Peer 1: 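Starting off with a structure, shown below.
Chain letters run A, B, ... following the sequence lines, proteins first, then strands; residues in each count from 1. Source: prediction; values computed, not measured.
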Number of protein chains: 2
Amino acid sequence: MANGTGPLGGGNARPTMADIARELGVAKITVSRALSDSPTVKESTRRLIRDTAERMGYRLNISARNLRQQRTRTIAVVIEMAPSHDRLMSEPYPLSLLGGIMQELTAAGQNMVLTTIELFAQHPPSADGVILLGQGVHDDAAAAIEATGLPYVVWGAAHGPPGRVVVGSDNRAGGRLAADYLRARRRRALLFLGETQHGEVEDRLQGFADALKGSDAAVIDRIACAFTAAAGREAVDRLLAEGTAFDGVFAASDAIAMGAIEALQARGLSVPGDVSVVGFDDSPGAAIVSPKLTTIRQDWAVGGELLAKKVLDLVAGKGADSRAMGVELVARES
Amino acid sequence: MANGTGPLGGGNARPTMADIARELGVAKITVSRALSDSPTVKESTRRLIRDTAERMGYRLNISARNLRQQRTRTIAVVIEMAPSHDRLMSEPYPLSLLGGIMQELTAAGQNMVLTTIELFAQHPPSADGVILLGQGVHDDAAAAIEATGLPYVVWGAAHGPPGRVVVGSDNRAGGRLAADYLRARRRRALLFLGETQHGEVEDRLQGFADALKGSDAAVIDRIACAFTAAAGREAVDRLLAEGTAFDGVFAASDAIAMGAIEALQARGLSVPGDVSVVGFDDSPGAAIVSPKLTTIRQDWAVGGELLAKKVLDLVAGKGADSRAMGVELVARES
DNA sequence: ATGAAAGCGCTAACAT
DNA sequence: ATGTTAGCGCTTTCAT
């Protein structure tokens, strides 16, 4: 029973500035000025025009303005992954990053179009700038964006060319914090769980390994695994089945850590009795699982705001620099 | 060190179809036709034009096309909430819902712009249709969208006017399933936790209460609480402090349920020994917490796809109907 | 198979 | 304080 706004239109097409101008006997440029609050329009005229516009149900044609002004007031947010169901949930770029971006763009009166990198490469949306979430294993995504010539910023790790603006957490510092935590608990045989092809994860491992140098603790194994609980569970289960012994785990995400804990408990091992586990992200479930998960908190919302600010600066021709945001260890039970 | 695409431009502005046409000595309309794969252009001409366009770095000006064609190939997705950090975090529904929407829109070659209802009301983005996520307590959000005259669909509960297209889970059925589960476990004094101002939650409670009729079990109390673990914890803690006795809980979200379990355990009560708990959503953490949470699963990704399909149908003038999607009880330990 | 003209709705630049 | 002119880049319509 939907009616939409069919093109039958009994003469009720959306009115334009010209319609309002004709109605009032003014020039359409005056309408334009009045509606955009130009100070050169007399207050009374402005009020008259605004009221008439409202009465007639006028709405600005944004495509026309964009065409005329050669800009879009739109930032494209590109998610560097196929839009598959389970991946979206488990990837470490949750909605809070989008929330931060949205908050900042909204405040600046900018629109935000969301695409995947595939779609972006095929039909780049009209936008003044681009925020890329995740760089992917190779630099394909960034390359696709560079091809458009649009200014862009990236969430992730600063492994790309030096001029690129990257915002991300200080993943090395996160790795160091995890190492310190495990060392303070006298853990020596440590496991790292995470896909180090992923730049951020690589940094986490690097910080982790660095901080262990010169101590009696060491990374005895590193397992590439996806950002999911299932992957963490399987990895740990396999190791235990093989008889690998370890007493500490640093996982590249909380989901992985939770999966690891499950696998440990399923084999009768206690966390943190036998094995200590540190996750990454401080995701919502971390405080609720049993044992409560010790983890490295990164502030995505702030990251999102920074991304948005920086891309807007670039769009405005103001320049911007990369930023590694501080992280924090949240010591809970694990 | 960012350079952007400064307006200094040594004559290197983005080329237009006219530029390509001049370069090749053809009419710009021929360029237009060639680039849009019109069959009336000779194959050799098309190839020539495409190659030249690529060589010159041509990119379609979407604003111009939109203006000329009077449409945008864009769907606005409106999030009916302030982009506040914790709500976004604790409310997982938008993320997978967005995934489904994106998948479907992407496949249809549509762009997706994301806004909040506030921003939408101030500056409606240019879009051919709207997907509204969540209706809010009153009907404000839907009203703001209706004011634009754009076709729209809503995620939530079908409590609005009859013509409105609503996609959502069958929340009443979810409530019934929860009731059946608790009855089968001989639970009699039941608690409902959730904000029934929220249409979906209201339906969950209604189905729940309906299914209890004529049994010896009953809802002894219903507490309005936000969708967070903290709210669930506080609500249950307060009740226990007051000495209220109950042996079953149905929570409007998994987060609430997890908070409730925490509070129960903190007071030395066992789940499910003393109290059974049913959540809603089957969110990622549900299978990992201890005890593993029994919950009602709703498939957001499919919901997102449906929303997108239906709004595209409306945009195409094809009509669409509302849909309550089936839910499923996932019996775990709680 | 290709082209010329017109115009989508808006605003910058230059009058008045 | 208001108006005139022109044109953003594209595609529809009507020739040829």
Peer 1: To the nearest 0.5 Å, tell me how far Arg71(B) CZ sits from Asn66(B) CG.
Peer 2: 8.0 Å

Peer 1: Can you check the Arg71(B) CZ to dC10(D) C1' distance for me, whole Å?
Peer 2: 13 Å

Peer 1: Here's a test for you: under side-chain hydrogen bond (donor to acceptor under 3.5 Å, both in side chains), which of Asn111(A), Thr72(A), Thr74(A) qualifies with Asp128(A)?
Peer 2: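 Exactly one candidate clears the test, Thr72(A).
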
Peer 1: Give a yes or no on whether Arg50(A) atom CZ has more than 12 heavy-atom contacts from other residues, nucleotides or ligands under 6.0 Å away.
Peer 2: yes

Peer 1: What nucleic acid atoms does Ala27(B) come within less than 4.0 Å of, heavy atoms only: base, sugar-phosphate, or nothing?
Peer 2: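 Result for Ala27(B) = sugar-phosphate.
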
Peer 1: What's the closest nucleotide to the side chain of Leu60(A) if the choices are dC10(D), dT2(C), dT11(C)?
Peer 2: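 So the side chain of Leu60(A) is nearest to dT11(C).
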
Peer 1: Rounding to an integer number of Å, can you tell me how far Arg33(A) CZ sits from dA15(C) P?
Peer 2: 14 Å

Peer 1: Can you check salt bridge (charged side-chain N to carboxylate O under 4.0 Å, His left out) on Asp19(A) and Arg22(A), steps first, answer last?
Peer 2: CA-CA 5 Å; Asp19(A) 295 326; Arg22(A) 201 174 313 114; 3.2 Å; yes

Peer 1: I want to confirm an ordering. Mapping Gly25(A) and Arg68(A) to their closest nucleotides on DNA chain D, which one lands closer to the 5' end?
Peer 2: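 Comparing both residues, the 5'-ward one is Gly25(A).
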
Peer 1: Quick one: does Arg14(B) reach the base of dG9(D) with a side-chain donor-acceptor pair under 3.5 Å?
Peer 2: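 Not at all, since no donor on one side and acceptor on the other fall under 3.5 Å apart.
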
Peer 1: Can you figure out which of dT2(C), dC10(D), dT11(C) approaches the side chain of Met17(B) most closely?
Peer 2: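 Selected nucleotide (nearest to the side chain): dC10(D).
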
Peer 1: Donor-acceptor pair, distance only, cut-off 3.5 Å: does the side chain of Ser63(B) make one with the backbone of Gln70(A)?
Peer 2: no

Peer 1: Need one value for Ser63(A): base, sugar-phosphate or nothing, where a base atom within 4.0 Å counts as base even if backbone is also close, heavy atoms only.
Peer 2: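 The residue Ser63(A) makes no contact with any strand.
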
Peer 1: To the nearest Å, how far apart are Asn61(B) CG and dG9(C) P?
Peer 2: 17 Å

Peer 1: Arg73(B) has an atom CZ; how far is it from atom C1' of dT11(D), in whole Å?
Peer 2: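 After rounding, the reported distance stands at 12 Å.
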
Peer 1: Any side-chain N or O of Thr45(B) under 4.0 Å from OP1/OP2 of dT2(C)?
Peer 2: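 Looking at the OP1 and OP2 atoms of dT2(C), one of them is under 4.0 Å from a side-chain N or O of Thr45(B).
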
Peer 1: Nearest to the Val26(B) side chain among dC8(C), dC10(D), dG3(C), which nucleotide is it?
Peer 2: dG3(C)

Peer 1: Indicate whether OP1 or OP2 belonging to dT2(D) is found under 4.0 Å from a side-chain N or O atom of Thr30(A).
Peer 2: no

Peer 1: Describe the nucleic acid contact of Thr40(A) in one word from base, sugar-phosphate, nothing, applying a heavy-atom distance below 4.0 Å.
Peer 2: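 The residue Thr40(A) makes base contact.
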
Peer 1: Rounded to whole angstroms, how far apart are CD1 on Ile62(A) and C1' on dG9(D)?
Peer 2: 18 Å

Peer 1: Would you say Arg164(B)'s side chain and Ser322(B)'s backbone share a donor-acceptor pair under 3.5 angstrom?
Peer 2: no

Peer 1: Looking only at side-chain N and O atoms, does Ser32(B) come under 4.0 Å of OP1 or OP2 in dT11(D)?
Peer 2: yes

Peer 1: For Leu67(A) and dG7(D), what is the distance between atoms CG and C1' respectively, to the nearest whole Å?
Peer 2: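 Nearest whole value for this atom pair: 9 Å.
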
Peer 1: On a plain distance test, is the side chain of Arg59(A) in donor-acceptor contact with the base of dG9(C) below 3.5 Å?
Peer 2: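 Result: no qualifying N/O pair found.
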
Peer 1: Between dG9(C) and Gln70(B), is there an OP1 or OP2 to side-chain N/O distance shorter than 4.0 Å?
Peer 2: yes

Peer 1: Once you round it to whole Å, what is the distance between P of dG9(C) and CZ of Arg65(A)?
Peer 2: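 Going from Arg65(A) (CZ) to dG9(C) (P), I get 16 Å.
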
Peer 1: Once you round it to whole Å, what is the distance between C1' of dC10(D) and CG of Asp19(B)?
Peer 2: 13 Å

Peer 1: Report the residue (Lys28(A) or Val41(A)) whose heavy-atom-nearest nucleotide on DNA chain D is the more 5′ of the two.
Peer 2: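 Nearest nucleotide further toward 5': that of Val41(A).
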
Peer 1: Is Gln69(A) close enough to dA12(C) that one of its side-chain N or O atoms is under 4.0 Å from OP1 or OP2 there?
Peer 2: yes

